[in-house]
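Encoded as structure tokens, the structure appears first; notes follow it.
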Amino acid sequence: MTFDELGLSQKVLAAVEASGYTKPTPIQEQAIPPALQGRDILGIAQTGTGKTAAFTLPMLCRLEQGRARARMPRTLILEPTRELAAQVEASFAKYGANHKLNVALLIGGVSFGDQEAKIMRGADVLIATPGRLLDFFDRGKLLLTNIEILVIDEADRMLDMGFIPDIERVCKLVPFTRQTLFFSATMPPEITRLTEAFLHNPVRVEVARASTTAATIRQALVATHGHAEKRETLRRIIRGADSFKNAIIFCNRKRDVAILHRSLDKHGFSAGALHGDMDQLARMASLDAFKNGDVNLLVCSDVAARGLDIPDVSHVFNFDVPTHSEDYVHRIGRTGRAGRSGTAFTLVTDDDRKYLDQIETLIGKKIDWEGPGLDELPPPSEAPARESRGRGRSRSSGERSGRRAAPEREARTEREARSEREPRREARQEREPPRERAPRQERAAQDREARPEREARPPARPARPERPPTYGDRRDRRPTRQPEDDGPPVIGLGDHIPSFLLRPVVLKPAKVGDE
Ligand code: AMP
């Protein structure tokens, strides 16, 4: 099928052509025609499937008729995070290049004034995160009575973040007659319930679950030891990688994102970082620097990177093997997009065997080792130059010989030089703190840090992310988690724990009969 056959307007088709797309993706092919007829859509699809265009293109056709009025947007798109909202705004700019539309972005972390001015001018498209949207609504700055199309994107992620009560509220505030385009990567029971309550006879469109990895991605495993060696291994692979342009490097923990970022920086690489503890401006700056090519490495955590569309990445590195096998598919799906080739390396230590097995089961194939497999890996102290053997599935040594030998030598010399220069600093970072001597609060902090990011998230957070509680808020709502604050619960102390909290409490035995 071609785009011409979908029923899109000439203006939209021209923008699609200018974007360089020749063929609609499966979700576009199935969702666009019924969406143009005004039907509700239930799209079960992940990021990377082309779902943004699947809802943006029919919206643009609809918006060609009629115009916006002050404070009364015509269409509303709800996104779980600010980055995703900004990304959809960019899609509107691209696909709507031939339309004169007012697009307003309502996200937290940005001043109210500018956003209000845009809404006052009349927004054809309002792209918002739920908290900021309801904040505007509750302040009387916004009316939702003119909404013709409501898009709820990444609904399962909204659920993860505790946004479902907000979504329900928005669904009740927009006119009953609006068209709803609803997208979710998975369909847990809460989401099914929501679709049953708020979609009218929807067309269900489902595209393949992410258990398959694109054939255009070369996947390889690299056996390695603990963290310091992992960093060294990573540097070696980056230096020796074929047709390297840029890379996203995934860590399981926010703490490790920061450590690896600093380490790469120190070793002269041009790297940025993206994790949930960074503020909005810093994250936007990192992402932009990577997109613009100012840095060519982006170290990030799963939660911070989820859903972000960063085109044209030549390499993905799993600095840590993901503990959830589906994350592997999402991570490596950042490369090899739209038919381009890409490479994904995963660093594997002995502790990761279980997770690696789960990944290989999910994707239904074994991944080749680049160099020796875990069983053939020399103990850390020996660290000789590596031979290609592992599991009998590694690439031919001829492919690596020479080209890899130099970086390996370089890496060893670099390590030796470093241990002479600064023997203590990195070693200190690697060593686990002496647990037996750590006071209780410190131990709890260490335990929280050591958990993978996903598990480290607090089970519940009582406050809405972007909006202080207002009078009349439902107190019985499901606890809400702050979208970008996906780390361990912070009790206002940051990394610093005051010394009085660290002092062990000595309970003196009661003195009996002293008197
Ligand atoms: P999305 O799933 O909406 O985040 O889109 C993923 C990526 O696919 C984006 O970079 C889009 O620009 C790109 N894309 C969307 N539709 C097409 C298409 N029909 N052909 C090629 N690339 C596309």
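As the structure lists them, so they are numbered: ligands from 1, and atoms in each ligand from 1.
Not one N or O on the side chain of D320 forms a donor-acceptor pair closer than 3.5 Å with the backbone of C251. At distances below 3.5 Å, not a single donor-acceptor pair connects side-chain atoms of D288 with backbone N or O atoms of A285. Without hydrogens or angle criteria, T2 side chain to T22 main chain gives no donor-acceptor distance under 3.5 Å.
Considering backbone and side-chain atoms alike, Q87 places every N or O at 3.5 Å or more from each N or O of ligand 1. Taking any N or O of G50, backbone or side chain, at least one lies under 3.5 Å from an N or O belonging to ligand 1. Not one N or O of T22 is nearer than 3.5 Å to an N or O of ligand 1, by distance alone.
Close approach to K23 involves these atoms of ligand 1, each under 4.0 Å from a residue heavy atom: 18 (C), 19 (N), 20 (N). Atoms of ligand 1 found under 4.0 Å from any heavy atom of F3, numbered from 1 in the order shown, are 19 (N). Applying the 4.0 Å criterion to heavy atoms of K94 picks out, from ligand 1, the atoms 12 (O). Atoms of ligand 1 found under 4.0 Å from any heavy atom of T52 (numbered from 1 in listed order, with element): 1 (P), 3 (O), 4 (O). Close approach of ligand 1 to T25 is summarised as follows: ligand atoms under 4.0 Å from at least one heavy atom of the residue are 17 (C), 18 (C), 19 (N).
For E64, the CD atom counts as densely surrounded, since its 6.0 Å shell holds more than 12 non-hydrogen atoms of other residues, nucleotides or ligands.
Between F92 and H99, the ring center distance fails the sub-6.0 Å criterion.
Salt bridge annotation for D138-R169: present, with a cationic side-chain nitrogen under 4.0 angstrom from a carboxylate oxygen.
Heavy atoms of F55 found under 4.0 angstrom from ligand 1: none, in either backbone or side chain.
Figure legend: R239 and F244 shown without cation-pi pairing, the cationic atom not lying both under 6.0 angstrom from the six-membered ring centre and within 45 degrees of its axis.
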